[in-house]
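So the structure is just underneath, and the comments pick up after that.
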Amino acid sequence: MSCEFKISQEFVKKVDETITHYPVSKRSASLPLLHLWQEEFGYVSNQGVEWIASKLDLQPINVFELVTFYPMFRDKPAGKIQFRVCRTLSCALAGGYELFDHLKKNCQIEGDGHHGPAVSPDGKYSIEFVECLASCGSGPVLMINDDFHENVSNDKANELVKKYG
Amino acid sequence: MAIAETRLIFKHIDSPGYTIDIDCYIKNGGYTTLRKAITMKTAEIISEVKTSGLRGRGGAGFPTGVKWGFIDPTKNTKPVYLICNADESEPGTFKDRQIIHKDPHQLIEGMIISCFANNVKLAYLYIRGEFPEGAKILERACEEARQKNLLGKNILDTGYDLEIYIHRGAGAYICGEETGLIESLEGKRAYPRIKPPYFPAVLGLYMCPTIVNNVETLCNVIHIVKMGGANFAKLGKPNNTGTRLLCVSGDVVKPGYYEFEVGALTLGQLIYDVCGGIKNGKKLKAIIPGGSSAKVLKAGERYKIKQKQADGTMADVEIALEDIPMDFDTMAAVGSMAGSGGVIVMDETRSMPDCLANISEFYAHESCGQCTPCREGSLWMKKITTRIRDGKATVEDVGVLKNVADNIAGRTICAFGEACSWPVQSFVTKFKEEFETVAGNGAKK
């Protein structure tokens, strides 16, 4: 069961302004609108898919197929504090897997978390292994919500959990 | 340090007191080249870029002037679009991140000059979704440029109008492929288009002529216009001109990003002199020289290449891994590629099946799924490498793995087919014995 989100005037204003960036084809605004929706409501629900589709004169499937294609969009809520740990080679050489396991244990998150967030039982934290975050020289790296952190040792990870928690 | 860096693009990166606002950029000479460019004839700018010999810095190394030259302004009646490819996501590459986050106006100025040269009125900067802060920085930079009449309507009172919008991706590696990027920018799944007929210069964004250039490439345009194409061509080597941003990661003492004239230093100098050698006194085992799609180079390998001698003749010479100059042509001659400039170093303790399993998981996740050989093949390569790594495979599986890879390259719409099979082919061939030993011995990771 998905709940109905209330759409504010400010949100509509932001959306309308964004659509003006694409004077040739409104459809180009699909990704930006999905980002706006997810930032506002936390995930892209059916309501989001339908609302965006109608805003851009598209069929809901045209929007839904983007949610399932692009890894950053999710159709369920993630944790309030989201860890996205880089999994790819340079970070793995620098200890990315150890960092991932450490955070998972520390925040009591069960589940795999490979490409798709695993959420803690209280919904506070979620963790996801993501592919290369393009900072290979300072691994292991992770993002906490929209913030980027590099050279993250287990100690530094503990501090970050405290800071965001 | 034996070899000095030549910092054109990284000139101000990390220098104390240098900030990302427009005033700091202008104080350091920013936007003076735009003022110069906008008084030039557009054909003149394109000609300078051709003379410079600049090759694209995204991975393929295609000559930028030639790319621009595909669009004939005397015949074309459609609008021309320019897209900056800032979807930096090739594993091992982190150069564009530095420019975007630390010197955004350099990129914006490079874009404006390139747009002016190609008579572009509307341009997009496609930045990967995982750079939310970078997107905000660039949006602010565009706003600052608009306020100073460097962007928007009637730029610097010349009558030239240009709008640049920042467009965020959403985590798909395939958006770095230019036709996939265009599909994504049109609001669709990033399925690459087949060429022909969909060459971006002919049928690009909204089926109009489109130029797609990498961040570093567009920044180079400023320096070409500033110093002149002929002077730029004096940097580096013939057919490998200018500077190159190199990113080194993995098992070296000082990983990081550096800028050198193309081919000015060898792989050995980069790793041992610039980056302080292998970490913890270990020995080198393998190097991926140009992003994870590039074929791996094995320590101790020797390569036969043709090299120009002092008297101008070509001769066959044999060089060691450490002696490979960091340029496009030699890197191709030794069977790999300079690619995106991302160098990943692995020491003697690293398990090659483990490293390849990591890389294969990346490609299995990132295949867009459009072409069967790639969609199925990348998944099987991940499954088999993982099984080998975990010692749950047979010796024959190593051959099966190689066979799967051999049947992907050349059978797909875009170059992802090559990108995912080259690592497998090279790792399995060069470290065959290790793969066969690990495959059946039940060794835990």
Side-chain angles (χ1 to χ4, degrees), chain A residues 18 20-36 38-39 52 56 58 62-63 65-74 84 86-94 96-97 114-116 128-139 141 143 145-148 150-151, chain B residues 79 81 88-97 101 122 124 128-133 163 165-173 175 184-191 205-206 208 247-251 254-257 288 292 342 344-347 350 354-355 358-359 361-362 365-366 368-369:
Chain A
T18 302
T20 65
H21 297 184
Y22 305 94
V24 183
S25 163
K26 275 204 292 191
R27 185 172 183 177
S28 284
S30 304
L31 256 64
L33 261 52
L34 282 163
H35 275 300
L36 286 173
Q38 189 162 285
E39 274 158 29
I52 291 170
L56 300 177
L58 297 170
N62 301 135
V63 179
E65 69 173 357
L66 304 180
V67 179
T68 56
F69 183 85
Y70 291 93
M72 283 179 74
F73 299 131
R74 49 180 182 269
R84 281 179 285 178
C86 176
R87 190 206 65 82
T88 321
L89 186 58
S90 301
C91 277
L93 295 174
Y97 276 70
H114 275 234
H115 312 126
E128 184 180 5
F129 242 159
V130 294
E131 298 301 341
C132 189
L133 290 175
S135 190
C136 319
S138 56
V141 304
M143 292 180 75
N145 302 334
D146 272 355
D147 307 332
F148 172 76
E150 56 192 349
N151 294 312
Chain B
Y81 300 110
E88 175 164 74
S89 37
E90 177 70 20
T93 317
F94 46 102
K95 61 191 179 71
D96 300 343
R97 169 187 278 279
H101 290 85
L122 178 60
Y124 290 98
R128 63 178 304 190
E130 293 90 336
F131 286 176
E133 194 197 340
E163 208 38 86
Y165 293 112
I166 313 301
H167 183 96
R168 288 181 66 201
Y173 168 77
C175 294
S184 177
L185 186 50
E186 289 186 358
K188 303 173 204 158
R189 285 184 162 202
Y191 290 148
L205 184 64
Y206 310 130
C208 291
C247 314
V248 189
S249 62
D251 299 319
K254 283 188 293 182
Y257 40 89
I288 298 170
S292 73
I344 307 175
V345 179
M346 287 154 278
D347 75 24
R350 301 299 183 180
D354 193 17
C355 292
N358 184 294
I359 295 172
E361 181 167 345
F362 175 83
H365 181 251
E366 299 299 343
C368 80

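Residue numbers begin at 1 in each chain, while the letters A, B, ... track the order of the sequences.
Proximity to chain B (any heavy atom under 4.5 Å) is restricted, for A:L31, to the side chain, taken from C-beta onward. Residue contact with chain B, scored on non-hydrogen atoms closer than 4.5 Å, is absent for A:R84. Interface remark: B:C175 contributes side-chain atoms only to the contact with chain A (heavy atom separation under 4.5 Å). Within the 4.5 angstrom heavy-atom criterion, only side-chain atoms of B:F131, from C-beta onward, approach chain A. Neither the backbone nor the side chain of B:S292 comes within less than 4.5 Å of any heavy atom in chain A. In this structure, the portions of B:R189 lying under 4.5 Å from any heavy atom of chain A include both its backbone and its side chain. Of the atoms belonging to A:Q38, not a single heavy atom falls under 4.5 Å from chain B. With a 4.5 Å cut-off on non-hydrogen atoms, B:C355 touches chain A through its backbone and its side chain both. Only the side chain of B:P132 comes within contact range of chain A, judged by heavy atoms closer than 4.5 Å. Neither the backbone nor the side chain of B:Y257 has a heavy atom closer than 4.5 Å to any heavy atom of chain A. For A:H21, the parts lying under 4.5 angstrom from a heavy atom of chain B are both the backbone and the side chain. Contacts between B:L205 and chain A at a heavy-atom distance below 4.5 Å are absent for every atom of the residue. Heavy-atom distances place both the backbone and the side chain of B:K188 under 4.5 Å from chain A.
Considering only heavy-atom pairs separated by less than 4.5 Å from chain A, the leading option among B:H365, B:K95, B:M346 is B:H365. Across B:A190, B:S89, B:G342, the residue that shares the most heavy-atom pairs under 4.5 angstrom with chain A is B:A190. When each of B:G250, B:A170, B:C247 is checked for heavy-atom pairs under 4.5 Å with chain A, B:A170 comes out on top. Of all the listed residues (B:E133, B:R128, B:E90), the one sharing the greatest number of non-hydrogen pairs under 4.5 Å with chain A is B:R128. The greatest number of non-hydrogen atom pairs below 4.5 Å with chain B, out of A:E65, A:H35, A:R87, A:H114, is found for A:R87. No other option in B:S249, B:G369, B:C368 has as many heavy-atom pairs under 4.5 Å with chain A as B:S249. Per-residue counts of heavy-atom pairs under 4.5 Å with chain B were compared for A:V130, A:L89, A:L58; the largest is that of A:L89.
A:Y22 and B:H167 have their aromatic ring centers within a separation under 6.0 angstrom.
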**Report entry** side-chain contact (heavy atoms from CB on, under 4.5 Å) assessment of B:E130 paired with A:M72
**Finding:** CA-CA 8 Å; B:E130 293 90 336; A:M72 283 179 74; 4.0 Å; yes
Requested in this report: Go through A:E150 and B:R97 one step at a time and tell me if the salt bridge (Lys or Arg N to Asp or Glu O under 4.0 Å) criterion holds.
Outcome: CA-CA 13 Å; A:E150 56 192 349; B:R97 169 187 278 279; over 6 Å; no
**Report entry** B:E361 vs A:H115, side-chain contact (heavy atoms from CB on, under 4.5 Å): CA-CA, chis, key distance, verdict
**Finding:** CA-CA 11 Å; B:E361 181 167 345; A:H115 312 126; 3.6 Å; yes
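The minimum heavy-atom distance between A:S90 and B:G92, with the atom names listed, is OG-CA, 4.4 Å. The two residues A:S28 and B:Y206 come nearest to each other via the heavy atoms OG-OH, 2.6 Å. The nearest pair of heavy atoms linking B:V345 to A:L93 is O-CD1, 3.9 Å. The nearest pair of heavy atoms linking B:Y165 to A:T20 is OH-O, 4.2 Å. In terms of heavy-atom proximity, A:L66 sits nearest to B:G187 at CD1-O, 3.4 Å. When every heavy atom of B:A172 is checked against every heavy atom of A:Y70, the shortest pair comes out as CB-CD2, 3.9 Å.
Remark: B:E163 engages B:R146 in a salt bridge (charged side-chain N to carboxylate O under 4.0 Å, His left out) (not counting sequence neighbours).
Considering OH of A:Y97 and CG of B:D354, their distance stands at 8.0 Å, rounded to 0.5 Å.
Residues A:C136 and B:I344 are not in side-chain contact: their nearest non-hydrogen atoms beyond the backbone lie 4.5 Å or more apart. Side-chain atoms of B:F94 and A:V141, non-hydrogen and from C-beta on, never get closer than 4.5 Å to each other.
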